[in-house]
Structure formats: structure tokens, C-alpha cells
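This structure is a prediction, so every number in the text was calculated from the model and none was measured.
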Amino acid sequence: NIRPSYPCGIAHLTFQPNLTGVPPSLLQDNGEDAHRIAPSPVVHVRGLCESVVEGDLVEALEKFGNICYVMMMPFKRQALVEFEAMESADQCVTCGVNEAVYIAGQQAFFNYSTSKRITRPTNADDPSSGNKVLLLSIQNPLYPITTDVLYTVCNPIGNVLRIVIFKRNGIQAMPTRLNVLRNDNDSWDYTKPFLVRRERGKGRQRQAILGEHPSSYSDNGYGSHCPLLPLPSNNRYKRSSPHDAQEVVAYPLPQTSSYMGHASSSSVAMVSGLHPAKMNCTRIFNLFCLYGNIEKVKFMKSVPGTALVEMGDEYAVDRAITHLNSIKVFSKRLNVCVSKQHAVIPSQVFELEDGSSSYKDFAMTRNNRFSSVGQASKNIIQPPAAVLHFYNVPPCITEDELQRLCTEHDVPGFIKFKVFDAKPSSKTISGLFEFDNKTHAVEVLTVLNHHQIRIPSKYCVLL
């Protein structure tokens, strides 16, 4: 078998005899020649698990001696480990032949490498020749990442020359200089402001959670659409002081996130475990609108208790998964995941058990809470809790009337009630409901969020 054991740049093959069917005892008796490769301070490690990292190798192998460099080959489940001394490499290979050596809980196999030294990405021994390209691996993004976002984050620390954003599932090879063809959302050369900006595609554009990259520039800096983070001043090429950094609209990071684990992103969530009699399109909207704009909701006729929820962008879907997956609603546990569909199509519309339609379009509703930067900045992204914040309630509504509202809609009543102090001229009040547990709070929010309160002979307001 011919087995490549080194990344691109150096041709390095390990030749092994075909040992299929040979008893392990014979392999061990003949293992002292280490496949006839000359000893080297660089050890080739095979049989690693997919999740292993450099730290796991160092932790498992530093008992043999000081390690000066580790190079991972993750998609081959292999690595190269360079020891400072030849004796350390000898001990590692010999130990691997005589007994099992485990790395991150899985047995690994060792052999000498034909290289005497691992080639670094640049000449690491010469600090003046260091690579000036920084690779940023952005995980669990809560909003779109653009060149302006990265410029705002990085430029106060040092002068940014170029930015290139790319998405790749395979090996990422970073050059010593970035090649930028156009100045746009995904790439920008700050030394060449004259590069043509790519035109945005025609058709319907989804609005991101805190706004998208502005479609055009104007004399006062940027176009009418506000960006997701404060953008550099009009003279973007001279900004270098940390004191120039502006305040940003920040969301708390979710405790867990599954976005990076998805093979592909989608702005459609699939929700299963829905109560067939108590859940409908409107109630799904009432719950999911806390985490992003809702475009459409559709129940699946072929899969009872399951619905597709098309949201404003894939980041809204990730927030909904993070905070709503596995919660209980009406004694049933929800399962929220990314759908393979990229849009909800209103086909096979039928009547749900409560008489409502299995499909509803919410794209034009005023109850979406992320339609502008101003709206989005007022939302607090957090998981369900036993306390609900209510607002937009007329002052004439009493605690007893609100408690009766819960009873009329067959949802749990609150155990504590608090009204915030309001200005004398205020036409509405706000406050807090506390429930026995968060499941009760979720059910009340699902049913009564956006409920119309009718004021006799006057008007209606939304709770």
C-alpha cells in the first residue's frame, strides 16, 4: 500500500508491505525495523480520531521528550510530530510498537518520517519574515460577517491592507498575500479604493438581523441602510486609533449553538413535536418571532405535528435552534433543526384541527421585530425563562383582567405581577409576569403574544 503522509509541498510516501491476513504476533516480532525507514526526529502518527487537535498530541507524547512542532493532517487522520531530540522520537516509535499508545481516547500508530524537520508555513526561525495574513475562523455567527465588520474589529489594532472572506469545508491554505479582485462584501483591498464594487443581484434580498452591507456609498459615509456594526468613518483608510471605536449593538452569545455543525445553512427551520390541537401558524410565529423575522409558516401534511418556519436569515434560524430546541410546549418537547429546504412553498394547504390554515405568510406583518436596526437593537436574545415582560397594555386593564385572560385561553395563570412606573402622559403600561416554571411562561407567550385587547367603545391594542 502506498500511503501519503505529508501535506502538499513535499512528496513523501511511506511504502508498506501488504500485511493483510498476517497475525499480529508476526507483525510485532518484525516491528523493530520500523518499516525500514531511517530514524528521524519527526514522527508520523496515524489512526487519529477526527476530533483530535494539536494539544491532544502534545499531551499524549510529551512524556517522550520536548516537542517543538506539530502539523495536523485532519482529513487523513494523521499528523507529524517533531521532537527536539532524536532519542525522544526513538522512544515514541519504540513504545508504539511494544504497547498501545492512546491519543484522545483512540489508539494511534507511529513511524519515523522521511523528513528530518517539519517545514513551517514561513521561516518561523526568522521573526522578520513572519506571515502578515491572519486567518480568522468565525464560529457561531449571530449576524452576517462582511468586510466592514472585520475592518471595524481589526483596524484599531493595526492597519488593515486587505480582507478576503471565504467559506470552505476542506483544507484552508493561507497565502502570504491576499489577492483581491473586487471591493465588496466578501473582499476588499484598502490600498486600492478604485476597485469596482460588485453589483448586488436583482430580486428579493433577505434583510439580515441587524442590517446588511450598504448597497451604496454616499457623501456622509454610507447609504441609507444602517450596517450591522458601526462602520469606519468617511476616511476609512486612516483610522487606526482604538479610541475611534464606536459602541456596537451586541447580542449575548448563546450557551450552545449548532450552526457550525450543519453541512449547509438555510433560512428555514423544521419544527417537530408540535401539539396537533393547540399549535397553529400564528402561535408558532408568536414564539419564534423573538429570535428573528418570520416570513412564512407551513405545517407538513405528510408529517403530523411538524412545520417549516422560514425566517429572515440563517442566523435567525440558528438562534431559534439554540434557544427553543428541546423545550416543552403543551406537554410535548419541540425538536428544532435546520431544514434542507431553502424556502417555504405554499403547497398542499389544509385545515388544522383548530380550523385555521396550515400555511400563513407573515412577511408583511408589523409584528416582526427585526425589520430595522432600531427594532433589532431593542430585542434581548435569551432563552425561555419563568418571567415574561409585557408591554403595550392600556392602563385601564387590571391584574384581575389579565389573570382572567389567561383562564379564558386555557393557559396557566401568573403567580406574581409587577407594573413598571410610567409617565403620567403614557397611554400604555408595561411590567412583568412570573409563572411557576418556564414551560408555563412559554405556553402563555405562545398563546397571548400579540393578543388583541379590546377597549369598550374605543380601540384595540396588541399585548
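- Side chains of Gln375 and Phe370 form no contact here, defined as non-hydrogen atoms less than 4.5 Å apart.
- Here the side chains of Asp56 and Leu48 are not in contact, with every heavy-atom distance at 4.5 Å or above.
- Panel note: side chain Tyr315, backbone Ser267; no donor-acceptor pair is recorded below 3.5 Å.
- Proximity of Tyr359 to Val344: side-chain heavy atoms (C-beta onward) are separated by under 4.5 Å at one or more points.
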Task: Stepwise side-chain contact (heavy atoms from CB on, under 4.5 Å) test for His323 and Ile381 - done: CA-CA 9 Å; His323 297 300; Ile381 306 298; 3.6 Å; yes
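- Shown here are the side chain to side chain contact (heavy atoms under 4.5 Å, CB included) partners of Phe350, two or more places apart in sequence or in another chain: Phe299, Lys301, Leu352, Ser358.
- Considering SG of Cys49 and CZ of Arg77, their distance stands at 7.5 Å, rounded to 0.5 Å.
- Listed by chain and number, the residues in a side chain to side chain contact (heavy atoms under 4.5 Å, CB included) with Ser272 are Thr306, Asn335 (sequence neighbours excluded).
- Taken to the nearest 0.5 Å, the CE atom of Met311 stands 3.5 Å off from the CD1 atom of Ile294.
- In this structure, the side chains of Phe433 and Leu402 come closer than 4.5 Å at one or more pairs of heavy atoms.
- Arg333 places a side-chain N or O within 3.5 Å of a backbone atom of Ser326 that can act as its donor or acceptor partner.
- A donor-acceptor pair under 3.5 Å links the side-chain atoms of Glu443 to the main chain of Phe330, judged by distance alone.
- A heavy-atom distance below 4.5 Å is not found between the side chains of Asn449 and Asn367.
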- [ ] Take Thr398 and Asp400, measure what side chain to side chain donor-acceptor pair (under 3.5 Å) needs, and give me the verdict at the end.
- [x] CA-CA 5 Å; Thr398 65; Asp400 289 339; 5.1 Å; no
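- Nearest heavy atom pair, residue Ala441 against residue Ala385, reads CB-O, 3.1 Å.
- Annotation: ring-ring contact (aromatic ring centres under 6.0 Å, His included) contacts of Phe362 (sequence neighbours excluded): Phe285.
- Within a 6.0 Å radius of CD in Gln348, other residues, nucleotides and ligands contribute 12 heavy atoms or fewer.
- Take Tyr391 and apply the ring-ring contact (aromatic ring centres under 6.0 Å, His included) test, not counting sequence neighbours, and it matches His389.
- In terms of heavy atoms, Ile284 sits closest to Ala307 at CD1-CB, 3.8 Å.
- Closest of all the heavy-atom pairs between Leu57 and Ala79 is CD1-CB, 3.7 Å.
- Using a 4.5 Å heavy-atom threshold, the side chains of His451 and His409 count as touching.
- With contacts defined as side-chain heavy-atom distances shorter than 4.5 Å, the pair Met279/Thr446 qualifies.
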TODO: Step by step, work out the side-chain contact (heavy atoms from CB on, under 4.5 Å) result for Gln106 and Val52.
DONE: CA-CA 10 Å; Gln106 182 164 312; Val52 72; over 6 Å; no
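- Within the 3.5 Å criterion, the main-chain N or O of Asn293 finds no donor-acceptor partner in the side chain of Asn368.
- Here salt bridge (Lys or Arg N to Asp or Glu O under 4.0 Å) pairs that include residues 151-165, with residues two or more places apart or in two chains, are Arg162-Asp189.
- Residue Pro384 comes nearest to Lys438 through the heavy atom pair O-CD, 3.8 Å, listed as atom of the first residue, atom of the second, then distance.
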TODO: Would you check, one step at a time, whether the test side-chain contact (heavy atoms from CB on, under 4.5 Å) holds for Ile327 with Thr439?
DONE: CA-CA 8 Å; Ile327 68 168; Thr439 299; over 6 Å; no
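- Of the residues Thr322, Val309, Val317, Asn325, the one that meets the side-chain contact (heavy atoms from CB on, under 4.5 Å) test with Val336 is Asn325.
- The line from NZ of Lys328 to NE2 of His275 is 12.5 Å long, rounded to the nearest 0.5 Å.
- Atom CG of Leu432 sits about 7.0 Å away from atom CZ of Phe390, to the nearest 0.5 Å.
- What you find for Leu150 and Leu136 is that their closest heavy atoms are CD2-CD1, 4.1 Å.
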- [ ] With side-chain contact (heavy atoms from CB on, under 4.5 Å) as the test, would you mind laying out the steps for Arg369 and Lys378 before giving the verdict?
- [x] CA-CA 9 Å; Arg369 306 182 182 189; Lys378 297 177 182 178; over 6 Å; no
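- We find the CD1-CD1 distance between Ile165 and Ile145 to be 7.5 Å, quoted to the nearest 0.5 Å.
- In this structure, the side chain to side chain contact (heavy atoms under 4.5 Å, CB included) partners of Pro395, at least two apart in sequence or on a different chain, are Ile429.
- Heavy atoms only, all atoms of each residue included: Ile103 and Phe110 are closest at CD1-CZ, 4.1 Å.
- Taking 4.5 Å as the limit, some side-chain heavy atom of Leu308 sits within range of a side-chain heavy atom of Met300.
- When the shell of 6.0 Å around CD of Glu59 is examined, it contains 12 or fewer heavy atoms from other residues, nucleotides or ligands.
- Remark: Lys278 NZ to Asp410 CG distance equals 5.0 Å, nearest 0.5 Å.
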